[in-house]
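Convention: sequence-line order gives letters A, B, ...; per-chain numbering from 1. All values reported here derive from a predicted model rather than from experimental measurement.
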Amino acid sequence: AQSVTQPDIHITVSEGASLELRCNYSYGATPYLFWYVQSPGQGLQLLLKYFSGDTLVQGIKGFEAEFKRSQSSFNLRKPSVHWSDAAEYFCAVGESSNNFNKFYFGSGTKLNVKP
Amino acid sequence: DAGVTQSPTHLIKTRGQQVTLRCSPKSGHDTVSWYQQALGQGPQFIFQYYEEEERQRGNFPDRFSGHQFPNYSSELNVNALLLGDSALYLCASSLDPATGELFFGEGSRLTVL
């Protein structure tokens with residue numbers, strides 16, 4: 001069965017420090033992978049996505065993620081965190097066919113940023 | 001270009017009542033999905049609508065039902081509410097399911113007392 005694991009529930013980093021959020025997935029076929037961010041009271045905003053091709057994908061707000069098939073991972077990275085990055089981050093694997101698509105989400109990682 | 005809009009933003013119900021949540025998809029999007037996000041959890045897929053029909057359904061009981069209208073807007077109905085139905089209900093729209101990308105609304109926060 002498809003599933004997504006985000007091992008870190010909370011992470012605190014200092015502003016300007018680098019960030020890596022972990023994501024592991026279980027999926028039988030080639031996965032479609034996504035990272036979304038959710039700020040308090042907000043819906044989910046897409047940061048980046050991987051469908052195929054280059055395993056290092058760039059997203060908005062300076063985020064990037066690397067797909068590693070051998071490790072079933074899709075970790076999110078940012079070289080220098082800003083205070084406005086404090087939010088909850090969700091990794092998702094998408095199951096798609098010609099006529100439907102649904103996402104399986106991890107339980108999220110809440111990021112705190114220290115001044 | 002308006003994104004996905006949902007109403008109401010917050011509502012409180014008591015056990016056994018029924019609730020209807022509404023969603024207008026992003027302009028031009030014809031597919032609507034509903035997700036339930038319990039506190040401290042990631043969103044869970046409820047069902048997806050396309051051309052006014054339910055295409056796919058997640059692991060939710062029949063108390064959860066939906067509808068899609070000709071203008072692509074959608075409703076989520078939950079009957080016989082339980083305390084465990086308290087959650088943020090997210091609507092997402094998409095244009096091309098093959099691309100897999102979903103656009104989410106800000107959600108409707110349901111509290112069941």
Side-chain angles (χ1 to χ4, degrees), chain A residues 1-10 21-25 27 29-53 57 59-60 67 74 87-110, chain B residues 2-7 9-10 21 23-26 29-60 66 68 87-109:
Chain A
Q2 296 85 341
S3 66
V4 177
T5 301
Q6 294 180 248
D8 304 305
I9 299 173
H10 288 97
L21 302 183
R22 296 183 291 166
C23 172
N24 293 97
Y25 67 90
Y27 189 69
T30 300
Y32 297 152
L33 295 163
F34 304 82
W35 275 98
Y36 280 83
V37 61
Q38 187 176 38
S39 299
Q42 301 292 313
L44 294 162
Q45 181 184 20
L46 179 68
L47 285 175
L48 47 78
K49 60 187 178 184
Y50 170 78
F51 286 169
S52 63
V57 293
I60 62 171
F67 169 57
F74 189 57
E88 191 156 20
Y89 292 80
F90 291 92
C91 180
V93 60
E95 176 183 316
S96 296
S97 74
N98 286 336
N99 59 5
F100 78 90
N101 60 338
K102 67 180 182 181
F103 283 18
Y104 299 86
F105 284 88
S107 54
T109 297
K110 191 165 289 186
Chain B
V4 179
T5 59
Q6 294 186 240
S7 64
T9 54
H10 294 83
L21 309 177
C23 171
S24 292
K26 187 175 169 64
H29 285 190
D30 57 7
T31 302
V32 173
S33 304
W34 286 93
Y35 286 77
Q36 181 196 65
Q37 186 179 13
L39 200 61
Q41 301 294 318
Q44 283 196 297
F45 176 76
I46 302 175
F47 40 52
Q48 183 177 80
Y49 278 85
Y50 172 71
E51 292 188 342
E52 303 180 51
E53 290 191 359
E54 184 183 292
R55 268 182 173 170
Q56 271 285 306
R57 189 179 183 89
N59 192 22
F60 280 81
Q68 186 179 33
L88 180 68
Y89 288 86
L90 295 165
C91 173
S93 73
S94 59
L95 178 59
D96 181 357
T99 70
E101 186 168 349
L102 297 179
F103 294 81
F104 284 86
E106 294 185 3
S108 294
R109 171 78 61 188

- Message: Treating B:Tyr35 as the side-chain partner and A:Phe103 as the backbone partner, does any N or O pair qualify as donor plus acceptor under 3.5 Å?
- Response: yes

- Task: Rounded to the nearest 0.5 Å, what's the gap from CZ on B:Phe103 to CG on A:Leu46? Could you check?
- Result: 7.5 Å

- Query: With a 4.5 Å heavy-atom cut-off, do B:Leu102 and A:Phe34 have their side chains touching?
  - Reply: no

- Sort B:Gln44 into side chain, backbone, both or neither according to what part of it lies under 4.5 angstrom from a heavy atom of chain A. neither

- Do you know which two heavy atoms are closest between A:Lys102 and B:Arg57, and how far apart they sit? NZ-O, 4.3 Å

- Check each atom of A:Leu44 against the heavy atoms of chain B and say whether the ones under 4.5 Å are side chain, backbone, both or neither. both

- When B:Gly105, B:Pro43, B:Gly107 are compared by non-hydrogen pairs under 4.5 Å with chain A, the top option: B:Pro43

- Message: Please find the pair of heavy atoms, one from B:Gly42 and one from A:Phe90, that lie closest to each other, and give the distance.
- Response: CA-CE2, 3.5 Å

- Task: Could you tell me whether A:Ile60 atom CD1 has more than 12 heavy atoms of other residues or ligands within 6.0 Å of it?
- Result: yes

- Proximity breakdown for B:Phe47 and chain A, heavy-atom pairs closer than 4.5 Å: neither

- Under 4.5 Å to a heavy atom of chain B? For A:Gln38 that would be side chain

